[in-house]
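Please read the structure below before turning to the comments.
Note on naming: letters A, B, ... go to the chains in the order of the sequence lines (proteins, then strands), and numbering restarts at 1 for each one. Remember, predicted model here, so these are calculated numbers, not experimental data.
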There are 2 protein chains.
Amino acid sequence: MVSSSVPGTEPRKVTIHDVARSAGVSRQTVSRALNDKDEIDHSTKQRVLDAARALGYRPSRFARGLVRQDTTTIGLVIPDLLNPFFTEVAAAALEAARTRGWHVVVYDTADRAEEERGTLQVISSQVDAVVGYFSCPEDEVELYTRGMPVVLIGREHRTARFSSIRIDGEQGVHSAVAHLVARGHTRIGMLDHDGRAEPSVRREWFTAAAASHGVDTEMVVGADQSADGGGAALKRLLTAHPDVTAVFTFNDIIAIGALREARRLGRNVPQELAVIGFDGLQLGAVVEPPLTSVALDTRRLGALAIEQVARLLTGVDPLAADDLVVRAELRLAGSA
Amino acid sequence: MVSSSVPGTEPRKVTIHDVARSAGVSRQTVSRALNDKDEIDHSTKQRVLDAARALGYRPSRFARGLVRQDTTTIGLVIPDLLNPFFTEVAAAALEAARTRGWHVVVYDTADRAEEERGTLQVISSQVDAVVGYFSCPEDEVELYTRGMPVVLIGREHRTARFSSIRIDGEQGVHSAVAHLVARGHTRIGMLDHDGRAEPSVRREWFTAAAASHGVDTEMVVGADQSADGGGAALKRLLTAHPDVTAVFTFNDIIAIGALREARRLGRNVPQELAVIGFDGLQLGAVVEPPLTSVALDTRRLGALAIEQVARLLTGVDPLAADDLVVRAELRLAGSA
DNA sequence: TTGAAAGCGGTACCAA
DNA sequence: TTGGTACCGCTTTCAA
């Protein structure tokens, strides 16, 4: 039995020319009909529209973009869309972009440097500016984004063309440690980000805050960026240091995994183990107990990034570093 | 003090022509240099590249797309990126798209018909195909997506050009109700989707399943699509029907809100109140108790949608309705 | 190895 | 109200 689809019959793209011929008019007239211009006879317009429909015509976005030069597309690069933190940022960025009539192409790099490179490579010819998280060296980002505004989130920049949204958690983490100390905790551990060469900035904040309270800062273990990772890390931490009574985590997802693990281990939270996360996810409100966290305003973060992109694109009045900061602050809930 | 930025100095877009002139070659030579062609002298190439860099030149993606016709961009339309279910689907779709070298523009319609229309309007001239969730009438979707493949998720279609990924939860919901009945529950309520004119399909599955077990099916209240909404709905349900001992919910987010509310009300889960959600979110594993749910394979859902788009775009061998189904099945955990 | 010319598929400006 | 023509910025083909 032969398939009814005939090879080689692949319908070549229908162009404005085809419509024009089919309707017996010129291309310009077709253009007028499709763009709702006034200078066209009603019946002509109708005829053109019918022809277009009949042929299944759709204007080429490239041709149109070429002549109109009015569409802006932003590339949003994110390590892991399944981590609610990045989802919240993405949602905020999408909304900020929509109010400007911009389009956002989203790339999930799965937190892999290799994917990051691939994305960068491909992105440069598809968008007008880039916003997002990158872990690869700045000169690589620089290399692939030649001539394009770039806004980095949560990371310093050197390149002039780049901007950074700085995440300032120093105060917040200090408050968190202070809170724990005030509650009588002296053995405070941390579940840090795993897999990076150097310790995270958040860890540095933690270390500094702990030291300033005369608290030991040696009890740090790395955790995978997931709830499971957080659980496993807590287990390791408690095995190595059974006397730990409080933990600060790199982010909320890890903290949530830690909460679950604590429950499994029969450790009461917050009585026997206090947990403080970082991010302030909405998700933290639905776990038990609700998660105490050093919270970021993710809406502001996303909106700020898009705002800066807007300024960089128009070249007017870009925000200075001092305005490109999102401060985290301690938000108390049930877990500490 | 006068600002140093001079109005009217806005740098006109640098084109290939500018680079050519600056390097003292023709445009084609510039093109060759930039696209790593062989037929070019090494020193010439270097000179062109330098000129391009100096001018901050970036090729127009429109001009390039126009002539190369090789980039595919999909529009992914989602009601609410903050709902983890849609995030999971989106992540799956992004990954499936990436393996094909496609770009995905994401639009969050905030579950509002108005935004849906705006998105549809704008999308048609920006993408090659559309995948996603729509709540507005099919003829509106049809109107704006003229000539473009469309894959609807979780919704039937009539239009020939459209495809649907069907979500089949009939079996799964039946199993869920059977499970509850086997556990001795006879008063089973439902927290349904709110804000739609007609009752949801999931409610119909529930009603049918309950009826087949001789269980009353009248105890349904609407819930907002959020944890808070789920909590509020549970409260209303229990107020109206204090004898309810089990609830089935429209989705997991609502169920998670219900779990939290149950805790606040002092109702033990699952002993005094059994809860079963729908979606099978990864998130369900981190709440307490872990959520029993009628689970969907979101990875498959997203991948299937992209797969079908691929077939529609090439016109070869689109999947038939029977293959465009994702079945949900009961996944037991702690909450029921 | 390089350049001239012809498109890619539209829209804008003009004259008819 | 219409159509001719130029042009948007780039790549491809073909000569030089």
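- A straight line from NZ of K13(B) to P of dG9(D) spans 8 Å, rounded to a whole angstrom.
- Using a 4.5 Å heavy-atom cutoff, the side chains of I78(B) and T109(B) are not in contact.
- Relative to the axis of its first five pairs, the axis of the last five pairs of the helix from dT1(C)-dA16(D) to dA16(C)-dT1(D) sits at 40°, rounded to 10 degrees.
- Distance, L34(A) CG to dG9(C) P: 16 Å, rounded to whole Å.
- Proximity of V131(A) to I153(A): side-chain heavy atoms (C-beta onward) are separated by under 4.5 Å at one or more points.
- For the salt bridge (Lys or Arg N to Asp or Glu O under 4.0 Å) test, residues two or more places apart in sequence or in another chain that qualify with E142(A) are R161(A).
- Between E307(B) and R100(B) there is a salt bridge, since at least one side-chain N of the basic residue sits less than 4.0 Å from a carboxylate O of the acidic one.
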Pairs under 3.5 Å (N/O, protein and nucleotides 3-5 of chain D):
residue : atom : partner : partner atom : Å
dG3(D)  : OP2  : S26(A)  : N            : 3.0
dG3(D)  : OP2  : S26(A)  : OG           : 3.1
dG3(D)  : OP2  : T29(A)  : OG1          : 2.6
dG3(D)  : N7   : R32(A)  : NH1          : 3.4
dG3(D)  : N7   : R32(A)  : NH2          : 3.2
dG3(D)  : O6   : R32(A)  : NH2          : 2.5
dG4(D)  : N7   : Q28(A)  : NE2          : 2.6
dT5(D)  : O4   : Q28(A)  : NE2          : 3.0

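- Comparing dC10(D), dT1(D), dT2(C) against the side chain of D41(B) picks out dT2(C) as the nearest.
- Checked for salt-bridge contact, D18(A) and R21(A) meet the test: a charged N lies under 4.0 Å from a carboxylate O.
- Counting only residues at least two apart or in different chains, ring-ring contact (aromatic ring centres under 6.0 Å, His included) contacts with residues 32-81 of chain A are absent.
- Regarding I16(B), its CD1 atom lies at a distance of 11 Å from the P atom of dG9(D), rounded to whole Å.
- Nucleotide dC7(D) holds its C1' atom 13 Å from the NE2 atom of H17(B), rounded to whole Å.
- Under a 4.0 Å N-O distance rule, the pair D139(A)/R158(A) does not qualify as a salt bridge.
- Remark: C1' of dA15(D) and CD of E39(B) are 14 Å apart, rounded to the nearest angstrom.
- Under the 4.0 Å criterion applied to side-chain N and carboxylate O atoms, R299(B) and E95(B) are assigned as salt-bridge partners.
- Under the rule for a salt bridge (Lys or Arg N to Asp or Glu O under 4.0 Å), the partners of R117(B) that lie at least two apart in sequence or sit in another chain are E140(B).
- Among the atoms of the strands shown, none is found under 4.0 Å from any heavy atom of K45(A).
- Protein atom NZ of K37(A) is 12 Å distant from nucleotide atom C1' of dC13(C), rounded to whole Å.
- In this structure the side chain of F134(A) never reaches within 4.5 angstrom of the side chain of T145(A), judged on heavy atoms.
- Within residues 48-75 of chain B, the residues that place at least one heavy atom under 4.0 Å from DNA chain C are, in residue-number order, L66(B), V67(B), Q69(B).
- Using a 4.5 Å heavy-atom cutoff, the side chains of T87(B) and F85(B) are not in contact.
- Nearest to the side chain of S31(A), among dT1(C), dT11(C), dT1(D), sits dT11(C).
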